Amino acid sequence: MTTSDFRVTLLGTGVPIPSPDRFGPCTLVEAGDQKFLIDAGRGATIRLYQLKLPIGRIDVQFLTHYHSDHTSGVPDVWLTGWLESHFGTRKTPYRVVGPTGARELIENLERAYALDIKIRVADEKLPLSGIATDVTEFDRDGVVFEKNGVKVIAFEVDHGAVIKPCYGYRVEYGGRVAVFSSDTRYNQNVIKYGAGADLLVHEVASARPELMREAYIQRIIAHHTTPREAGSVFAQTRPKLAAYTHIVLLGSERIPPPTIDDIVAETRQTYGGPLVAGEDLMAFDIGATVSVERHPSRSPPKA
Ligand SMILES: [Zn+2]
Ligand SMILES: [Zn+2]
């Protein structure tokens with residue numbers, strides 16, 4: 001399979017559930033010679049290691065919002081990426097771009113890990129330049145990064161009344177576009193910034209109807225997009241490929257969660273175009289068309 005110069009790999013398609021199959025939210029975007037992470041949930045470094053991509057090769061860490069499942073891998077990417085071994089090797093500052101709050105997160109991590117940094121500088125003689133941080137915050141829609149033909153545009157989404165700030169990203173490179181919804185309810189801004197997307201990566205959440213009477217289920221679903229609603233977003237934006245990540249499948253002790261087949265079937269009530277349910281390490285090559293590649297470590301799809 002040929003690899004295009006614009007490639008998206010889902011490193012973590014999960015949610016707060018500590019699942020070995022779906023790691024915490026994290027997406028790798030490779031455009032030309034640059035590599036970006038959008039969020040860094042639990043296990044982000046493990047997935048980079050599986051791709052044989054040194055953590056220190058990441059040019060910019062983008063953040064969408066400050067729910068811990070999206071950031072708990074940040075200290076690991078930052079600190080492990082600094083180590084001298086082949087999987088680390090960062091010599092330049094860890095660059096972070098995120099909505100207001102990024103600086104507070106990173107400055108507090110610097111305080112939390114000050115002793116480790118002091119020890120490794122004294123013991124391993126690691127360069128301080130590789131553990132330094134460079135944070136850029138934003139507080140409105142617009143271009144938040146532009147370099148070597150890559151443009152990244154942040155757009156506000158609606159993850160609930162108090163879960164603010166929360167932003168999605170639109171990445172443009174070489175006349176092609178990949179859009180990432182972040183965590184959001186059905187939101188017009190995703191449709192606006194999703195216009196003309198080759199690849200639209202969207203979150204999704206579903207619970208069986210029997211569970212919808214439970215208050216805690218209602219609260220979770222109210223922060224996310226149902227498959228029917230996501231289908232409506234896809235139908236209005238008409239991407240070359242729509243992909244699900246951050247797949248919230250809610251069950252209880254008595255009632256099993258919906259399956260991937262269930263959410264695809266429900267999406268089909270509002271959208272008939274190209275759709276794939278993401279899985280960890282699934283990659284999308286964005287060329288004239290968008291191709292899907294499963295990682296060899298994943299089991300073959302069920303017949
Ligand atoms: Zn989330
Ligand atoms: Zn969230």
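The first residue in the sequence is number 1, and the count goes up from there. Side chains are part of it too, since the values below use all heavy atoms of this structure and drop only hydrogens, waters and symmetry mates. Each ligand, and each atom within it, is numbered from 1 in the order the structure gives. Because the structure is a prediction, the values reported are computed rather than measured.
Taking 2.8 Å as the threshold, H67 counts as a candidate ligand of the Zn ion (ligand 2), since one of its N, O or S atoms lies below it. For a distance bound of 2.8 Å, the N, O or S atoms of H65 include one lying that close to the Zn ion (ligand 2).
Of the charged side-chain nitrogens involved, at least one lies within less than 4.0 Å of a carboxylate oxygen, so that E137 and R103 count as a salt-bridged pair. Using a cut-off of 4.0 Å between Lys/Arg side-chain N and Asp/Glu carboxylate O, R294 and E279 are scored as salt-bridged. The existence of a salt bridge linking E172 and R170 is confirmed by a sub-4.0 Å separation between a basic side-chain nitrogen and an acidic carboxylate oxygen.
For the atom pair CD of E214 and CG of L250, the computed distance is 11.0 Å after rounding to the nearest 0.5 Å.
Counting just the N/O/S atoms of D183, the one with the shortest distance to the Zn ion (ligand 2) is named OD2. With respect to the Zn ion (ligand 1), H70 has NE2 as its nearest N, O or S atom.
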